[in-house]
Amino acid sequence: MIQLVKSIYTPESAIRHPIKLFQEMFRDLFASRELAWRLFVRDFSARYRQSFLGYLWAFLPPIVATFTFVLLNKSGILNVGALPLPYPVYVMIGTLLWQVFADAINSPIKTVTAAKTMLAKINFPREAILISGMLEVLFNFVIRLVLLIVIFVYYGIIPPMTAPLALIGVFAIFCLGLMIGIIITPIGVLYTDISQALSMILSFWMLFTPVVYKPPSTGILAQLTLLNPVSPLIVTTREWLAIGAASNVFAALIVFSITIVLLFAGWLLYRLAMPILVERMGS
Amino acid sequence: MNDDILIKVEGVSKKFCRSLKKSLWYGIKDIASEALGRGDWHNRLRPEEFWAVHDVSFELKRGECTGLIGRNGAGKTTLLKMLNGLIKPDKGRIEILGRVGALIALGAGFNPILTGRENIYVNGSILGLSKREIDAKLEEIIDFSEIGDFIDSPVQSYSSGMHVRLGFSVATVLDPDVLLLDEVLAVGDTRFQAKCLQRIKAVRYNGGGILLVTHILEHVAHYCDRAILLDKGNLIMDSDTSTALDNYVRNVGTEYRNISEDIPKIKTNVKHINEEFHLNSFYNNQETRWGDRSATITDIYLIQDDKECSSKIVAGIVTNLILKIYFHTSIDKPIYGFAIKSIEGGIIFSTNSRQLLGPYRIPKQSEGDKIKVCFSFTPILDSGEYFISVGIASDSPKGIQAHDRRYDSLKINVSHPLSPSGDIEMNAKFHIL
């Protein structure tokens with residue numbers, strides 16, 4: 001007879017047996033790949049089916065954002081000074097990178113909230129919904145890359161040798177957003193205040209990040225930009241992508257290392273919190 | 001753990017919070033304790049908390065189908081969620097052997113915009129099936145769902161019945177050792193329910209165990225050989241189906257006072273009356289009998305051509321089903337019913353006095369009355385074996401009260417009338433026009 005798996009449920013916290021817990025985490029991560037892909041395909045195919053403009057909606061937000069800032073700059077309302085790149089290129093790269101960060105932060109709460117009924121009724125690897133959300137964020141970035149190619153060609157910019165490194169930069173930005181998103185998910189699922197505050201905080205946060213302007217070297221804004229973990233990642237990635245020499249790789253590396261550690265901690269927290277969250281999801 | 005025991009629940013408790021605000025706040029605290037590996041919060045109740053499930057223990061063995069019954073809020077669904085590993089117990093221990101299939105949310109993850117076919121893959125993945133498994137079973141799933149050409153239409157254009165059928169069809173591909181069913185039999189038509197039953201039988205036949213949660217007692221009576229009665233989180237009774245249903249029915253609308261199993265089969269104030277029901281030659285001693293016994297069906301006859309049938313029923317001719325009933329208390333609005341089931345368990349025909357005469361033409365009965373009622377019908381049936389179920393209930397302000405329901409109480413043999421030449425009688429006649 002085949003040895004049957006035995007599941008045991010007790011009140012004890014899983015963290016008391018860390019080795020078993022880690023094994024289970026990676027086993028579930030592996031087991032969730034097919035479901036994650038399926039959910040991603042589901043959301044992706046459904047998203048634009050009821051829409052006239054369809055996939056155009058994926059491109060519109062960065063175009064509109066770039067256009068807005070270019071207009072503000074042209075009319076003299078926003079003065080960004082001397083930049084190493086044509087301003088539209090600078091803004092476009094910044095917006096795309098920031099979008100990855102913002103999407104990644106929002107993704108875990110959004111996907112978990114959307115999957116509430118499923119989570120409350122079916123036992124499936126809980127990692128799957130996170131991964132499907134991650135795939136969506138990355139996919140959106142990839143299709144927006146088309147815009148980048150168009151704008152590079154238009155302004156005649158030849159990507160430097162360091163351009164492939166920018167992929168690592170994008171990954172770091174993605175991980176940072178995801179890490180923050182996962183850590184706030186347990187509270188965010190319980191209290192809607194978190195998602196309410198998040199959109200507000202993000203628009204404020206963007207102002208302290210060199211997305212559409214060059215980081216200042218003096219003043220309060222300079223200090224804030226320095227403390228902002230997103231700044232070195234965005235600056236470094238943009239430099240790798242379009243300029244060549246990166247000015248602050250060290251800071252970016254530190255941010256990335258801390259991010260990876262905290263990302264794992266967030267995943268752990270997500271797993272431990274899930275049964276407690278499900279109790280409060282009702283049916 | 002013995003290999004025959006699929007589910008072992010030992011002293012399991014779960015607490016819930018009445019107040020939403022407090023519940024959310026406790027949630028934050030519990031997550032913190034969980035992350036720090038502290039477990040002391042499980043044991044005591046904080047303000048506004050109560051035990052939704054309290055110190056429940058039971059076992060489910062291979063080949064068993066056990067019903068979990070109780071009123072709303074008795075803790076049935078909470079218990080099921082713990083068994084399915086969705087939420088953790090606050091006390092006790094649950095062990096489950098083998099693959100668990102839960103038919104709890106049919107069609108979970110369906111996206112209304114996507115077609116039925118696309119949703120089969122989504123739903124299947126959520127239930128843990130690989131793409132290859134779904135590919136292999138796709139046609140079978142579509143056939144089983146009887147959705148036909150609609151399979152390539154968006155699910156939002158489906159009727160609720162189609163939605164459920166599709167969800168159920170995907171779930172049938174699972175081959176679980178433990179099947180958890182929550183109220184799924186309540187949806188769908190009779191045919192669909194018969195399919196559910198087939199599925200249950202297959203799981204049991206393959207050595208699986210089933211736990212059926214429902215508040216529809218008929219389903220428990222039909223499908224389960226054991227029942228567990230829960231009330232306010234406590235396990236009141238774990239016994240054979242008839243006893244548990246009897247107890248449940250008698251305590252509807254009241255508190256459970258008696259927590260022991262020595263509740264007498266018949267009310268104590270009931271005087272002894274002769275039952276001759278079991279002397280009927282068709283009597284099935286594996287009938288499921290339940291009800292509060294305010295009235296009892298004491299005897300039954302099947303009459304064809306003015307003669308009592310004893311060995312077979314002939315199809316296609318008028319049959320009288322006569323019930324002898326004794327009223328232990330007076331009953332204002334009695335309802336008499338009967339049903340014919342196939343040997344596989346599908347209900348072929350059912351009716352009751354209310355449908356046939358309307359609610360106002362059935363007289364009330366007083367204590368001590370002995371009456372006979374008769375259903376006349378023409379059994380248009382294939383030859384073979386069938387079950388007959390009979391029952392008396394009544395309409396009261398508390399809802400329909402079951403007094404004496406005797407499911408599958410007769411097992412009849414139906415044959416076709418033979419013509420003089422020994423073939424099937426077709427009532428052939430000859431005229432010159």
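Chain letters run A, B, ... following the sequence lines, proteins first, then strands; residues in each count from 1. Since the model is a prediction, treat every value here as computed from it, not as a measurement. All heavy atoms count here, side chains included; hydrogens, waters and symmetry mates do not.
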Which portion of A/I276 sits near chain B, non-hydrogen atoms under 4.5 angstrom: side chain
Heavy-atom pair of closest approach, residues B/N111 and A/A46: ND2-CB, 3.3 Å
Contact class of B/S130 relative to chain A, heavy atoms under 4.5 angstrom: both
Residue A/R42 versus chain B: region with a heavy atom under 4.5 Å: both
Short side-chain to backbone donor-acceptor contact, B/R93 and A/T10, under 3.5 Å: no
Non-hydrogen side-chain atoms of A/Y9 and B/I96 separated by less than 4.5 Å: yes
Considering all heavy atoms, the nearest B/V122-A/L39 contact: CG1-CD2, 4.2 Å
Exceeds 12 heavy-atom contacts within 6.0 angstrom, atom CH2 of A/W37: no
Chain B contact via A/L119 - which portion, at a heavy-atom distance below 4.5 Å: backbone
Part of A/R126 lying under 4.5 Å from any heavy atom of chain B: side chain
Contacting region of B/Y26 [heavy-atom separation from chain A under 4.5 Å]: both
Minimal non-hydrogen separation, B/A35 against A/I15, with atom names: O-CD1, 3.3 Å
Donor-acceptor pairs under 3.5 angstrom involving side-chain atoms of residues 175-203 of chain A: please list them, not counting sequence neighbours.
residue, atom, partner, partner atom, Å
A/T185, OG1, A/G181, O, 2.6
A/Y191, OH, B/W25, N, 3.3
A/S199, OG, A/Q196, O, 3.3
A/S203, OG, A/S199, O, 3.3
A/S203, OG, A/M200, O, 2.9

Salt bridge B/K131-A/E34, side-chain N to carboxylate O under 4.0 Å: no
Distance in Å, B/D30 CG paired with A/L277 CG, rounded so as to fall on 0.5 Å steps: 10.5 Å
Minimum heavy-atom distance A/S13-B/E34, with the two atoms named: OG-O, 2.7 Å
Nearest heavy atoms of B/G92 and A/P11, plus distance in Å: O-CD, 3.2 Å
Worked verdict on B/S23 versus A/R280 for side-chain hydrogen bond (donor to acceptor under 3.5 Å, both in side chains): CA-CA 8 Å; B/S23 153; A/R280 285 157 179 84; 3.3 Å; yes
Atom group of A/A14 that falls short of 4.5 Å from chain B, counting heavy atoms: backbone
Sub-4.5 Å side-chain heavy-atom contact between A/I122 and B/L127: yes
When A/V41, A/L269, A/N123, A/D43 are compared by non-hydrogen pairs under 4.5 Å with chain B, the top option: A/N123
Salt bridge flag under 4.0 Å for residues A/E279 and B/K14: yes
